[in-house]
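Okay, structure first, notes after.
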Amino acid sequence: LTGGSPDQESVESGTKKSSISSGGRFQDRKEFLRRFVDSESLIENLKTWYEEEPPFNVPFELIDLQQFDYALEGVPFQQLIRMPRAIYDTASGTVEATVYLALEDFLHSSVKGLWEAFWGQDEPLPFYVSSIHNSNLRFYQAEKAIAKGRVGGLCATAIMLKNPKHPQGKWDDVVQLAILRPDIGNRASVENDCKPSLSALGEALFFTLRVLFARSLSKYNIPLSLNSVYVLLVDSQYGGVLKVEGDITKLEMDVNDVYGCAAEWIKTNALITFSPVDRIWTKLGNANWGDIGALQVLFATFHSITQYAGISNNSVEDLAADHSSRLQARRIERQLWDSRSSGNGLFRLEQHCASTEIVEVHEESVTLVSEKSMKLEAGSVLLIEDSNWQKGYHINEVLTDGEIPYYIASPVEDPGKALFMYVGSHPSQLEPAWEDMKLWYQVQRQTKILKIMKQNGLSSKYLPQLSASGRIVHPGKCRRRNGGNCDYPCCGIPILVTTSVGTTVADMVRVGQFGKDEAIRCCHDCLSALSAAASAGIRHGDIRPENVIFVTSGVSQPYFVLVGWGHAILEEKDRPAMNLHFSSTYALQEGRLCSASDAESLVYMLYFSSGGDMPDLDSIEGALQWRQTSWSRRLIQQKLGDISAVLKAFADYVDSLCGTPYRMDYDIWLRRLERHNRGEEHGKEIETSS
């Protein structure tokens with residue numbers, strides 16, 4: 001294990017021919033990386049910052065981990081090399097060697113299982129696993145280092161992108177890192193401490209900066225989005241995920257003070273998040289794939305793969321959606337719905353809401369209850385409580401968005417007032433179906449978004465307004481304990497009530513009521529809603545015909561309201577809903593929104609709702625191909641031009657912004673659409689274009 005690092009070899013010839021002072025910024029970065037070789041020096045420069053830095057935020061939300069958990073049901077992972085229980089408990093180093101072998105095997109099993117599940121078994125695995133030696137920062141298989149008696153110099157393990165030109169690996173091939181830290185398990189017992197030790201954090205940041213620098217110097221066409229690195233900090237039992245994100249080109253370089261410059265970049269430009277430390281391996285050394293410790297590691301690996309391989313062929317949402325069918329199959333296996341389960345007719349399992357009591361019943365009198373829920377119908381009355389009040393609501397009508405129900409209701413004390421009511425799932429559901437996650441977005445997450453809108457003073461009539469939120473109060477005595485819920489089937493179910501009731505665009509299209517005037521008015525009103533939300537840093541992320549309603553009752557001038565804000569984007573880690581027909585191109589490619597993504601989704605909604613051909617899409621690749629073809633052939637602009645020249649111009653404007661960092665100018669298009677509407681009101685002819 002001798003020789004210079006791969007990065008040193010690649011830069012030495014350049015630095016010999018051109019001095020640092022006369023070279024450009026690119027040469028400075030090469031020299032910077034050549035000198036950036038000592039993690040302890042970086043740690044020394046981070047001591048004061050570390051003491052003042054509060055605990056980091058977490059990289060993953062629990063709801064996203066739960067969804068990912070459903071997607072992984074049935075995905076085979078198998079670690080063949082068991083993880084020893086302690087790393088340094090023998091002087092011979094045998095255990096330490098086995099730990100590195102087990103870690104490489106764990107990472108290999110992780111990346112292989114995820115690749116085959118999400119990207120397909122027919123595609124060859126483009127990754128491999130290797131370890132890093134601290135003597136020269138080169139990459140070696142753990143087995144080779146062990147055979148040469150150099151296991152003591154191994155300092156990290158990495159998932160690497162296969163590189164035929166450099167089979168031993170280079171730093172810009174690193175996809176994800178894992179560092180063995182015997183002290184990381186101590187953090188598992190510290191509650192709410194999302195901050196590793198200074199030595200562990202400093203070492204992880206050192207390797208992360210080397211990866212980011214190598215990517216910026218790479219000869220390969222590495223996308224700018226690769227500005228984050230996931231690092232796993234593990235011992236032989238526990239582990240956590242560190243994510244470091246930042247634009248390395250903003251680092252002010254002084255090749256005579258590389259560690260001071262690196263520390264300053266970390267303080268001012270790096271976004272660092274760290275997951276709670278949790279158990280990954282059992283006492284027998286097997287990875288506990290189904291628990292949260294291994295799950296958040298797998299989720300980090302999934303995101304790392306996505307950075308290089310792009311959006312997966314099988315999305316997390318699609319695989320997680322199969323949970324409901326698997327749950328139903330399991331219930332059938334357990335014979336909850338099979339009349340043959342009674343056997344001789346003497347005993348039968350009967351499920352009553354939260355009770356799992358086995359009761360003796362007669363064969364002919366059995367009725368099985370398959371869902372722990374209550375049935376809400378027109379005429380039902382619900383009592384809702386918040387921390388300060390209780391209020392009754394009468395359900396007038398049951399509606400559906402095509403997947404889950406919602407309701408038109410009226411306050412008991414004001415029966416003439418119509419409101420939308422959204423009812424969540426039972427909070428104590430132990431094995432929630434995929435539909436319950438959709439309900440969570442519809443009720444709990446949308447409640448959060450509407451409260452933020454209210455706190456920011458957003459009161460546009462084109463936005464839904466929060467009328468009430470709380471929990472269902474059931475009749476009779478509640479046996480709730482310690483703020484929880486009792487066994488009554490509806491106890492504690494969350495409720496959201498909003499103002500503005502109308503007909504969805506989907507229903508208008510279905511009955512032929514969405515014409516040219518409605519399309520222009522819809523575009524104006526939805527842009528008004530998006531503009532108001534954008535002023536508070538909120539983007540919608542799920543624009544489709546089911547999430548736009550037309551309000552006609554009790555108003556002099558009908559208008560559209562943009563509803564369904566459960567998937568709204570508040571911060572970088574939030575992800576929009578994925579819809580093959582209505583999601584923006586950037587959302588399908590990157591899993592996030594650009595500034596024009598909501599407007600692009602609005603264009604698709606207007607196109608399809610105005611009679612545009614609805615393609616049969618069954619994959620992300622097909623959806624992206626349809627978008628490319630439709631925009632390049634100007635099919636969307638031509639269709640919207642049949643309605644109005646201003647809509648055609650708007651589509652051209654959105655096309656020019658898609659995928660760029662430029663901000664959407666709402667004001668100019670609101671003025672143009674408003675002038676167009678005023679012209680129609682004064683009897684002017686509608687401007688059209690083909």
Side-chain angles (χ1 to χ4, degrees), residues 401-403 502-530 540-550 560-564 576-589 593-594 596-659 664 669 672-673 676-677 680 686-690:
D401 67 353
E403 295 178 333
T503 305
T504 66
V505 169
D507 288 334
M508 295 176 69
V509 172
R510 196 173 295 115
V511 297
Q513 295 179 350
F514 193 82
K516 295 183 177 181
D517 294 347
E518 287 76 19
I520 298 170
R521 169 56 59 186
C522 181
C523 185
H524 172 275
D525 296 352
C526 287
L527 284 180
S528 296
L530 293 174
H540 190 278
D542 190 21
I543 295 179
R544 51 191 171 93
E546 293 80 9
N547 281 338
V548 181
I549 61 171
F550 192 46
F560 289 88
V561 177
L562 184 57
V563 298
M578 301 296 282
N579 188 297
L580 295 180
H581 287 99
F582 300 105
S583 289
S584 69
T585 302
Y586 195 77
L588 293 177
Q589 289 175 330
L593 301 186
C594 67
S597 287
D598 280 334
E600 184 182 348
S601 293
L602 175 59
V603 168
Y604 295 143
M605 190 192 76
L606 294 173
Y607 171 78
F608 290 128
S609 300
S610 300
D613 293 332
M614 178 77 78
D616 184 16
L617 303 176
D618 58 4
S619 67
I620 291 178
E621 289 77 8
L624 291 172
Q625 181 62 47
W626 176 84
R627 283 158 173 74
Q628 180 182 4
T629 301
S630 298
W631 286 112
S632 62
R633 296 181 180 178
R634 300 184 59 77
L635 301 179
I636 295 174
Q637 294 94 318
Q638 291 174 14
K639 183 62 181 179
L640 295 181
D642 293 339
I643 302 172
S644 166
V646 70
L647 289 187
K648 181 180 181 182
F650 176 65
D652 277 323
Y653 172 74
V654 171
D655 185 29
S656 69
L657 281 187
C658 289
M664 178 82 188
W669 291 102
R672 290 188 63 175
L673 289 163
H676 190 91
N677 286 329
E680 292 175 11
I686 298 178
E687 185 180 7
T688 61
S689 177
S690 57

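All residue numbers in this chain count up from 1 along the given sequence.
Between L606 and C522 the shortest side-chain heavy-atom distance falls below 4.5 Å. Using a 4.5 Å cut-off on side-chain heavy atoms (C-beta onward), I520 and L647 make contact. Looking at K639 and I636, their side chains never come closer than 4.5 Å, going by heavy atoms from C-beta outward. For the pair L562/D525, no side-chain contact is recorded, criterion being any heavy-atom separation below 4.5 Å from C-beta on. F650 has its side chain out of reach of L673: every pair of non-hydrogen atoms, C-beta onward, lies at least 4.5 Å apart. Between S644 and H676 the shortest side-chain heavy-atom distance falls below 4.5 Å.
Partners of A506 by side chain to side chain contact (heavy atoms under 4.5 Å, CB included), not counting sequence neighbours, listed by chain and number: T504, R510, P545, E546. By the salt bridge (charged side-chain N to carboxylate O under 4.0 Å, His left out) test, R672 pairs with no residue at all, sequence neighbours left out. For the side chain to side chain contact (heavy atoms under 4.5 Å, CB included) test, residues two or more places apart in sequence or in another chain that qualify with A587 are P576, S583, S584, L593. Applying the side chain to side chain donor-acceptor pair (under 3.5 Å) rule to N547 yields the partners D542; only residues at least two apart in sequence or on another chain are considered. With sequence neighbours left out, the side chain to side chain contact (heavy atoms under 4.5 Å, CB included) criterion links M508 to T503, Q513, F514, E518, F550, F560.
Atoms CE and CG, on M664 and L657 in that order, are 6.5 Å from each other to the nearest 0.5 Å. Within the model, atoms CG of N579 and CG of L617 stand 9.5 Å from one another, a figure rounded to the nearest 0.5 Å. Here I543 contributes atom CD1 and D598 contributes atom CG; the two are 4.0 Å apart, rounded to the nearest 0.5 Å. How far CG of L635 is from CG of D613: 8.5 Å, rounded to the nearest 0.5 Å.
Here the side chain of H524 pairs no donor or acceptor atom with the backbone of A519 at under 3.5 angstrom. Counting only distance, with no hydrogens or angles, the side chain of S597 and the backbone of C594 share a donor-acceptor pair below 3.5 Å. Put simply, the side chain of H581 never gets that close to the backbone of M605: no donor and acceptor are under 3.5 Å apart.
Pairs of residues two or more places apart, or lying in two chains, that qualify as side-chain hydrogen bond (donor to acceptor under 3.5 Å, both in side chains) and include a residue from residues 616-625 are Q625-T629. Residue pairs meeting the side-chain hydrogen bond (donor to acceptor under 3.5 Å, both in side chains) criterion with at least one partner in residues 599-611, sequence neighbours excluded, are T585-E600, E600-Y604, Y604-W631.
What you find for A651 and Q637 is that their closest heavy atoms are CB-CG, 4.0 Å.
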Kindly determine whether K648 and I643 satisfy side-chain contact (heavy atoms from CB on, under 4.5 Å), including the steps that lead there.
CA-CA 8 Å; K648 181 180 181 182; I643 302 172; over 6 Å; no
Output, in order, the C-alpha distance, side-chain angles, deciding distance and verdict of ring-ring contact (aromatic ring centres under 6.0 Å, His included) for F608 and W626.
CA-CA 13 Å; F608 290 128; W626 176 84; 5.4 Å; yes
Trace of the side-chain contact (heavy atoms from CB on, under 4.5 Å) decision for L602 with L527:
CA-CA 9 Å; L602 175 59; L527 284 180; 4.0 Å; yes
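The existence of a salt bridge linking D652 and R634 is confirmed by a sub-4.0 Å separation between a basic side-chain nitrogen and an acidic carboxylate oxygen.
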